[in-house]
Visitor: 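Handing you this structure, nothing more for now.
Everything quoted here is computed from the prediction, not taken from an experiment.
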Amino acid sequence: MLSMRVYILTDIEGAAGVASFTNDTYEDGRFYLKARSLLTQEVNAAVDGALEAGATEVVVWDGHGPGAVNPEELHEEAKLLHGRGSPPKLLLDRGFDAMMFVGQHSMNNVPDGNLAHTYSSRDIDEMRLNAVPIGEFGLRTYLAGFYGIPVVMLTGDEAACREARALVPNIVTVAVKEGITREIALSVSPAKARALIRAGAVEALKRRAQIAPVPPPPPPYRLEIRYLRAESADRHAKSGARRVDLTTVAIESDNFLDIYR
């Protein structure tokens with residue numbers, strides 16, 4: 001039997017039933033534990049679909065800052081990559097056959113993006129790669145492409161799905177909610193979301209050969225990060241980034257790994 005290793009990158013903001021930063025996604029939110037469970041069950045649905053489609057190993061990275069995947073609820077056949085911060089290169093340099101995003105949100109400043117933000121909802125206004133706005137999905141898809149890994153599925157709100165389709169031809173997207181405002185959403189039921197995600201994962205891996213990896217654009221690279229506060233730009237500038245203006249810094253390199261975050 002041929003092996004097929006699948007990497008699932010998760011975030012909490014794109015899960016059905018999750019709509020508010022304060023109540024749902026911040027670790028002191030009154031519904032945070034419930035939101036974690038909702039996200040974990042969507043991850044389990046993706047794992048079920050991946051296994052049904054022939055995956056022999058599934059690694060799940062908990063990509064939400066304070067942690068969102070509940071290990072006690074996680075699918076027994078999945079391995080969990082977790083801890084504070086991002087693992088180096090997300091461990092994608094260890095070799096995977098496909099990558100999926102579950103619970104993904106759109107980049108910041110998207111009008112219909114529920115819980116839209118770019119890495120930090122409290123700190124970053126916008127990021128641009130070579131003058132083009134980019135979010136977490138874009139940078140992480142380029143990282144996967146750097147290692148020759150196709151991104152075959154994204155689940156989240158409709159705005160995140162639209163962002164994915166614009167970057168990755170033939171990607172399978174599963175919209176589990178519609179953003180009405182940044183903190184109001186129209187979600188399908190959790191049970192419906194899980195059924196859609198499981199079916200989407202099966203379809204995505206079946207059409208894996210038709211979904212090419214998306215490598216980073218040609219160098220040189222310039223990643224601009226515009227913060228909401230000058231103090232944040234101060235801190236980044238002190239760590240080696242070039243100051244552009246009061247709230248913006250830039251990182252420049254010919255090596256994509258130098259500018260990836």
Side-chain angles (χ1 to χ4, degrees), residues 1-18 24-25 27 29 31-105 136 140 144 147 149-156 160 171-177 187-208 211:
M1 178 180 178
L2 294 177
S3 66
M4 179 165 59
R5 303 182 68 222
V6 176
Y7 189 105
I8 299 179
L9 187 156
T10 75
D11 212 341
I12 198 170
E13 288 87 2
V18 175
D24 299 330
T25 73
E27 53 191 325
F31 300 134
Y32 184 59
L33 294 180
K34 174 58 71 175
R36 289 185 66 194
S37 183
L38 290 170
L39 181 275
T40 305
Q41 295 306 316
E42 290 193 3
V43 171
N44 289 346
V47 175
D48 275 332
L51 294 172
E52 182 180 336
T56 54
E57 181 181 1
V58 182
V59 171
V60 175
W61 176 47
D62 187 344
H64 186 60
V69 175
N70 185 339
E72 292 184 333
E73 294 183 25
L74 184 63
H75 198 294
E76 63 181 10
E77 296 299 326
K79 296 178 181 178
L80 180 62
L81 177 61
H82 57 129
R84 199 73 179 182
S86 298
K89 305 171 187 174
L90 303 187
L91 296 192
L92 294 178
D93 55 336
R94 294 192 177 188
F96 289 88
D97 298 291
M99 182 172 175
M100 301 176 178
F101 287 71
V102 174
Q104 186 60 40
H105 54 83
E136 296 161 43
R140 290 166 175 169
Y147 290 109
I149 302 168
V151 174
V152 298
M153 185 179 78
L154 175 140
T155 79
I171 188 173
V172 172
T173 59
V174 179
V176 299
K177 59 182 174 176
S187 293
V188 303
S189 72
K192 179 71 170 180
R194 294 163 197 166
L196 292 171
I197 289 169
R198 178 171 182 156
V202 172
E203 180 186 356
L205 290 178
K206 284 184 175 179
R207 72 158 80 161
R208 177 171 60 94
I211 305 174

Visitor: Do L74 and N44 come within less than 4.5 Å of each other through their side chains, counting heavy atoms only?
Guide: yes
Visitor: Identify whether the distance between the nearest side-chain nitrogen and carboxylate oxygen of E52 and R198 falls below 4.0 Å.
Guide: yes
Visitor: As an exercise, state the distance from CD1 of I197 to CG of L154, rounded to the nearest 0.5 Å.
Guide: 10.0 Å
Visitor: Closest heavy-atom contact between A201 and A46?
Guide: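 Heavy-atom minimum between the residues: CB-O, 3.6 Å.
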Visitor: Once you round to the nearest 0.5 Å, how far does CD of E27 lie from CD1 of I12?
Guide: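 The distance works out to 11.0 Å.
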Visitor: Closest heavy-atom contact between R208 and A98?
Guide: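 The answer is CD-CB, 3.7 Å.
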Visitor: Counting distance only, does the side-chain N/O of D11 pair as donor-acceptor with the main-chain N or O of Q104 below 3.5 Å?
Guide: no
Visitor: Can you name the nearest heavy-atom pair linking V176 to A193, along with the distance?
Guide: CG1-CB, 3.7 Å
Visitor: Against R5, only a single residue in V58, I149, D97 fulfils side chain to side chain contact (heavy atoms under 4.5 Å, CB included); can you say which?
Guide: D97
Visitor: Does the D62 side chain pair with the main chain of G67, one donor and one acceptor, at a distance under 3.5 Å?
Guide: no
Visitor: Once you round to the nearest 0.5 Å, how far does CG of D24 lie from OH of Y32?
Guide: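 So the CG of D24 and the OH of Y32 are separated by 10.5 Å.
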Visitor: Does V47 offer a backbone N or O that forms a donor-acceptor pair with the side chain of E77 under 3.5 Å?
Guide: no
Visitor: Treating T40 as the side-chain partner and E73 as the backbone partner, does any N or O pair qualify as donor plus acceptor under 3.5 Å?
Guide: no
Visitor: Check whether any side-chain heavy atom of V59 lies under 4.5 Å from a side-chain heavy atom of L91, and answer yes or no.
Guide: no
Visitor: Quick one: pull up CG in L39 and NZ in K34 and give me the separation to the nearest 0.5 Å.
Guide: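 L39 atom CG to K34 atom NZ measures 13.0 Å (nearest 0.5 Å).
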Visitor: Considering non-hydrogen atoms only, spot the tightest contact between A78 and V60 and give its length.
Guide: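 Taking every non-hydrogen atom into account, CB-CG2, 4.0 Å.
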Visitor: Tell me if a side-chain donor or acceptor on S187 pairs with a main-chain N or O of G17 at a distance below 3.5 Å.
Guide: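 A pair under 3.5 Å: yes.
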Visitor: Is there a side-chain contact between I171 and V151 (heavy atoms, below 4.5 Å)?
Guide: yes
Visitor: Do Y147 and M99 have side-chain heavy atoms sitting under 4.5 Å apart?
Guide: no
Visitor: Which distance, rounded to the nearest 0.5 Å, do you find between the CG of L38 and the CZ of F31?
Guide: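 One finds 11.5 Å between CG of L38 and CZ of F31.
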Visitor: With heavy-atom distances below 4.5 Å as the criterion, would you say the side chains of F101 and E136 are in contact?
Guide: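 No; the side chains remain at least 4.5 Å from each other.
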Visitor: A204: what forms a side-chain contact (heavy atoms from CB on, under 4.5 Å) with it, not counting sequence neighbours?
Guide: V152, M153, V172
Visitor: Could you state the interatomic distance from OH (Y7) to CZ (R140), rounded to the nearest 0.5 Å?
Guide: 8.5 Å
Visitor: Where do S86 and L90 come nearest, in terms of heavy atoms and distance?
Guide: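 Taking S86 first and L90 second, the nearest heavy atoms are CB-CD2, 4.3 Å.
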Visitor: Test your reading of the model: is there a side-chain donor-acceptor pair from K177 to the backbone of V18, 3.5 Å cut-off?
Guide: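 Between the backbone of V18 and the side chain of K177 there is a qualifying donor-acceptor contact (under 3.5 Å).
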Visitor: Give me the atom names and distance for the closest heavy-atom approach of A50 to L205.
Guide: CA-CD1, 3.5 Å
Visitor: For residues R94 and K89, determine if any side-chain heavy atom of one lies less than 4.5 Å from a side-chain heavy atom of the other.
Guide: no
Visitor: Can any side-chain N or O of H64 pair as donor or acceptor with the backbone N or O of T25 at less than 3.5 Å?
Guide: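 Pair found, side chain donor or acceptor close to backbone of T25.
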Visitor: Is the side chain of T56 donor-acceptor paired with the backbone N or O of M4 at a distance under 3.5 Å, no angle test?
Guide: yes
Visitor: Check for a donor-acceptor pair, side chain of R36 on one end and backbone N or O of V69 on the other, with a separation under 3.5 Å.
Guide: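 Yes: the side chain of R36 pairs with the backbone of V69.
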